[in-house]
Amino acid sequence: MHPLAERIQKQDMRALARAITLIENEDEEKLSLMSDVFSIQKQAHYIGITGSPGAGKSSLINQLLTFLRKQNLTVAVIAVDPTSPFSGGALLGDRTRMNQHFLDPGIFIRSMATRGSLGGLARATKDSIRVCDAYGFDVVLVETVGVGQSELDIMKVVDTTGLVLTPNSGDVLQIFKAGIMEIADLFIINKADLPGVRKLKSTLEEYMMIVQPEGWEPPIVQTISTEAKGMEELYESMKNHREFLYETNKGAERRKQQLQLEVYDLIREEIWRDVKGEIEKDEQKLEVFQNPDADPYELARSWFREWVRKGE
Ligand SMILES: Nc1nc2c(ncn2[C@@H]2O[C@H](COP(=O)(O)OP(=O)(O)OP(=O)(O)O)[C@@H](O)[C@H]2O)c(=O)[nH]1
Ligand SMILES: [Mg+2]
């Protein structure tokens with residue numbers, strides 16, 4: 001077994017952090033590490049929290065953490081920030097908000113930044129979730145900032161996705177346009193202390209009347225993160241959703257799709273790393289990059305063919 005995997009199994013938190021760094025760097029050891037990690041995974045509930053910037057996701061996660069710890073559940077939080085290099089401030093804010101949990105060994109908090117090329121963030125997030133699972137956390141919470149394609153990709157790797165909305169913000173329309181509504185397993189109306197809750201709730205109910213979700217109707221939960229209100233109901237709905245996945249074939253169906261996509265992703269990543277490695281150790285090839293008029297299609301085609309021939 002990979003030494004890091006072995007240490008993770010023994011609940012060594014530094015090994016956990018190192019493994020995630022290795023994943024982020026797309027280290028070539030990753031596949032063998034992850035394969036071992038995969039074999040020691042347990043049964044953590046993977047929960048994604050998404051929503052517009054400022055909707056209160058971090059505050060909510062912070063309160064949910066406190067609630068879960070009171071139930072004696074251990075929790076890992078992965079904060080994914082696709083815009084990371086430019087928003088160090090936001091991350092710092094998150095850190096201080098979650099600060100009270102830092103000394104608790106039942107909690108692990110990590111923020112991830114985008115690095116890899118091929119939709120690498122969703123991939124790295126999934127791997128990191130699995131590492132946390134192997135360590136033995138009961139719940140893995142993933143926070144993503146924003147409502148774009150990368151959030152969609154990331155939310156596809158969790159079991160349960162909570163979409164955080166706020167009254168009177170007009171974010172529903174934006175979220176609807178981005179196709180994010182469909183990935184919500186539950187709607188969380190946060191900042192329920194502000195006016196406009198009823199209107200938002202009826203907008204969501206109308207939406208569900210139109211789309212008529214099959215099997216699972218996303219519940220609408222109200223929370224006030226600043227006052228720690230609604231956490232019990234929130235977690236209850238999350239657990240219900242997980243049970244639904246287990247009891248129906250929905251969960252199995254989802255896993256089947258995910259497995260196929262994942263294998264394709266990994267193959268693409270392996271090939272890319274290998275081809276890139278071959279190119280970058282060849283001075284002559286690197287020199288070609290100096291020529292701005294070089295034909296990228298021709299280069300890609302001939303170098304890829306060369307790589308294939310090499311393997312024969
Ligand atoms: N009134 C009210 N304010 C809230 C509530 N929850 C969060 N806030 C405030 O909303 C602001 C944004 O909260 P965050 O938790 O940072 O929101 P976020 O969604 O994590 O923000 P980003 O990570 O930047 O996208 C903060 O000033 C919070 O104090 C709530 O339930 N009611
Ligand atoms: Mg946040």
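Both counts, for ligands and for their atoms, begin at 1 and track the order of listing.
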Per-atom contacts of ligand 1 with Pro53, taking only distances under 4.0 Å to non-hydrogen atoms: 25 (O)
Option with minimal heavy-atom separation from atom 13 (O) of ligand 1, where the choices are Ser59, Pro167, Gly230: Ser59
Heteroatom proximity flag, Ile224 to ligand 1, N/O under 3.5 Å: no
SB check Arg110 Glu24 (cutoff 4.0 Å): yes
Whether Tyr207 and Phe187 hold their rings parallel, tilted or perpendicular, with breakpoints at 30° and 60°: perpendicular
Salt bridge flag under 4.0 Å for residues Lys126 and Glu262: yes
Contact check: Ala192 vs ligand 1, nitrogen or oxygen atoms, below 3.5 angstrom: no
Check: Leu194 N/O within less than 3.5 Å of ligand 1 N/O: no
Salt bridge flag under 4.0 Å for residues Glu298 and Arg301: yes
Closest approach of Ser225 to Asn190 (non-hydrogen atoms, all atoms of both residues): OG-OD1, 2.8 Å
The one among Asp193, Ile189, Val164 that brings a heavy atom closest to atom 1 (N) of ligand 1: Asp193
Per-atom contacts, ligand 1 versus Glu143 - under 4.0 Å to a heavy atom: 20 (O), 23 (O)
Under-4.0 Å salt bridge between Lys256 and Glu253: no
Vertex the Mg ion (ligand 2), arms to Ser58 OG and Glu143 OE2, rounded to 10°: 90°
Polar contact flag for Lys191 and ligand 1 (N/O pairs, less than 3.5 Å): yes
Residues, nucleotides or ligands: over 12 heavy atoms within 6.0 Å of Glu283 CD: no
